[in-house]
Amino acid sequence: MPSLKLDVRTSTLGSPDLVTFFIKGSAQPAGVPASEFDGAPGSTVLLRDKNQRTLIVGLGEKEKIEPDTIRRSAGAAVKHLLKLGGTDIALDLTAHPEHVAPAVEGALLAGYKFEGFGKDADKKTRGVLTRLQILVKEHELTQARVQARDAEIIASVTNTIRDIGNLPGNMLTPAILAEKAEALAQGRPLTVKIWNERHLKRDGFGGILAVGRGSAHPPRLIVLEYRGGGKRETPLALVGKAVTFDTGGISIKPGAQMDEMKWDKMGGLAVLGILLAAADLKLPLNLVGLIPSAENMPGPDAYRPGDIITTLDGKTIEVLNTDAEGRIILADAIAHARLTYKPSAILEYSTLTGAVVMALGFRRAGLFTSEEKLRDALVVAGKTTGELVWPLPIDDEYKEGTQSEVATVKQIGGREGSACISASFVKTWAEKTPFVHLDIAGTAWTTKPPAHLEGGATGFGVRLTLAALRAGLPV
Ligand code: BES
Ligand code: ZN
Ligand code: ZN
């Protein structure tokens with residue numbers, strides 16, 4: 001990714017493209033009829049003056065402006081200007097100094113596009129953001145610089161994991177993901193432990209091994225530790241599914257859109273992003289991130305329907321559909337989190353079910369937890385970051401369909417309520433530890449990008465969790 005210079009100033013430097021924010025109902029900009037521009041959120045009008053372009057972007061009505069309104073409008077403006085070849089952009093926030101953080105986030109997130117591997121494909125259609133100027137009044141400078149720096153940390157980590165997330169299955173195997181995690185941890189206050197196939201066998205990670213055995217690219221378990229809190233403070237555990245490609249295995253998926261299953265690793269990448277950003281922001285808490293990673297392939301040694309597998313803590317699973325692989329690798333990782341770290345809570349992120357997309361669509365992730373305070377904190381963090389979550393039930397009644405005659409549990413229940421059944425299944429390995437499951441199957445990537453983002457991996461979960469942690473997650 002090209003490097004970017006972020007400048008918080010009182011006036012523009014050089015001749016950047018200028019973005020101004022417009023509140024619906026304020027005095028109409030000179031020369032722009034109301035019929036062309038009414039200030040609706042994200043709507044834009046471009047003014048040209050000799051050597052300066054000014055893009056006015058709408059924020060909607062004053063009473064309805066939230067941080068996410070600014071984030072999206074700033075993002076839409078930046079995306080618009082980059083399409084016109086812009087590279088140096090100034091956001092005029094003199095009237096909105098309290099919104100520096102979301103504006104910077106929105107601009108930097110909109111500035112990211114997966115470069116791909118075509119011959120100069122990107123450069124022809126779009127400028128690359130090399131300088132972002134944030135304009136505020138003199139007395140706001142100090143505060144604005146702190147806000148801008150934190151927002152830059154969060155956005156740049158998010159873009160880093162989007163960039164890894166957008167790599168296809170042939171370029172990002174579990175081993176390569178582990179190497180990337182190690183490289184990113186270098187120079188940060190993070191420790192990394194990697195389990196390769198031999199270590200996974202030695203320690204009894206039967207779930208991760210079962211899912212990975214159909215592939216020529218063996219599985220890994222990646223564990224990152226961040227200790228920003230007190231020595232004796234119990235850590236919070238974050239667990240993320242990183243299936244580098246999900247063919248469905250022996251219960252193979254249909255061909256249409258199967259390519260999208262390269263994004264079946266985004267839960268794991270969200271966890272990596274949260275750890276990286278927590279370290280960069282020096283958050284005063286202890287975190288452990290666990291990322292089980294496997295490629296789900298059919299093959300001569302692949303696991304099969306009917307198999308009984310033994311997970312790390314001895315619980316057995318009767319496999320019935322090899323496409324429900326996420327819950328199996330998560331079982332091992334959650335058991336490891338519980339047994340090794342005795343965490344205050346376990347937050348788990350996964351592109352777990354197609355069913356949650358049927359229930360909620362693409363704007364909201366499914367939030368499954370019995371912990372009311374955690375639930376409320378995450379709902380609030382969702383609203384401030386725009387990474388929306390919606391509570392769905394995880395009661396024990398959903399376990400009724402997964403009783404097995406031959407194992408501790410059956411891997412799947414019926415089709416009805418299957419997002420909830422899957423959540424309850426995964427929770428089994430957390431036992432009594434407070435547990436949150438976020439099903440990000442609908443939100444982890446987008447193939448129909450909105451005005452403020454490019455398509456591909458979204459990094460969903462990183463900003464949500466950091467906002468919740470910074471507000472003091474009640475665990
Ligand atoms: N990775 C998929 C879930 C998924 C599907 C995410 C579509 C995003 C878009 C997961 O491994 C899976 O295949 N789940 C199955 C479970 C079923 C076999 C019980 C599903 O949702 O169909
Ligand atoms: Zn699957
Ligand atoms: Zn999957």
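Bear in mind that the values here come from a model prediction, so they are computed numbers and not experimental data. Each residue takes its place number in the sequence, starting with 1. Order of listing sets the numbers, starting from 1, for every ligand and every atom in it.
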### Task
Of the side chain and backbone of Glu260, name the one, both, or neither that has a heavy atom under 4.0 Å from an atom of ligand 1.
neither
### Message
Given Gly413, Ala324, Gly267, Gly442, identify the one with the heavy atom nearest to atom 17 (C) of ligand 1.
### Response
Ala324
### Summary
The reported gap from OG in Ser404 to CD1 in Ile308 (rounded to nearest 0.5 angstrom) is 6.5 Å
### Query
Would you say Tyr341 and Asn286 make side-chain contact, with heavy atoms under 4.5 Å?
no
### Message
Measuring from non-hydrogen atoms of Met261 to any atom of ligand 1, is the shortest distance under 4.0 Å?
### Response
yes
#### Entry: Considering only N, O or S atoms of Asp264, the one closest to the Zn ion (ligand 3)
OD2
### Task
Specify whether an N/O/S atom of Lys241 falls short of 2.8 Å from the Zn ion (ligand 3).
yes
### Task
Please examine the side chains of Lys315 and Thr428, heavy atoms only from C-beta on, and report whether any two atoms are closer than 4.5 Å.
yes
### Task
Classify the contact between Asp323 and ligand 1 as side chain, backbone, both or neither, using a heavy-atom distance cut-off of under 4.0 Å.
both
### Message
Can you tell me which portion of Phe245 lies within the under-4.0 Å heavy-atom range of ligand 1? Options are side chain, backbone, both, or neither.
### Response
neither
### Message
Check contact between Trp445 and ligand 1, using heavy atoms of the residue and a distance below 4.0 angstrom.
### Response
yes
### Query
Is the side chain of Ser350 donor-acceptor paired with the backbone N or O of Lys241 at a distance under 3.5 Å, no angle test?
no
### Task
Decide whether an N or O pair under 3.5 Å exists between Glu325 and ligand 1.
yes
### Query
What do you reckon, does Thr351 put a non-hydrogen atom under 4.0 Å from ligand 1?
yes
### Query
So, do Leu6 and Leu4 sit near enough that their side-chain heavy atoms are less than 4.5 Å apart?
yes
#### Entry: Residues Arg338, Glu431; criterion salt bridge (charged side-chain N to carboxylate O under 4.0 Å, His left out); working and verdict
CA-CA 8 Å; Arg338 187 191 85 232; Glu431 295 194 346; 3.6 Å; yes
### Query
Going from CG on Leu91 to CG on Leu81, what distance comes out if it is rounded to the nearest 0.5 angstrom?
9.0 Å
### Query
Touching ligand 1 at all, Leu352? Heavy atoms, strictly under 4.0 Å?
yes
### Task
Kindly say whether the aromatic ring centers of His217 and Phe245 come within a distance under 6.0 Å.
no
#### Entry: Side chain, backbone, both or neither: the part of Lys241 lying under 4.0 Å from ligand 1 by heavy atom
side chain
### Query
Relative to the ring of Phe425, is the ring of Trp429 parallel (under 30°), tilted (30 to 60°) or perpendicular (over 60°)?
tilted
### Query
What atom name does the N, O or S atom of Glu325 nearest to the Zn ion (ligand 3) carry?
OE2
### Summary
The atom of Asp246 among N, O or S that is nearest the Zn ion (ligand 3) is OD2
### Query
How far is atom 16 (C) of ligand 1 from its nearest protein heavy atom, and which residue and atom is that?
Arg327 NH2, 3.9 Å
### Message
Over 60° means perpendicular and under 30° means parallel, so tell me whether Trp445 and Trp263 are parallel, tilted or perpendicular.
### Response
parallel
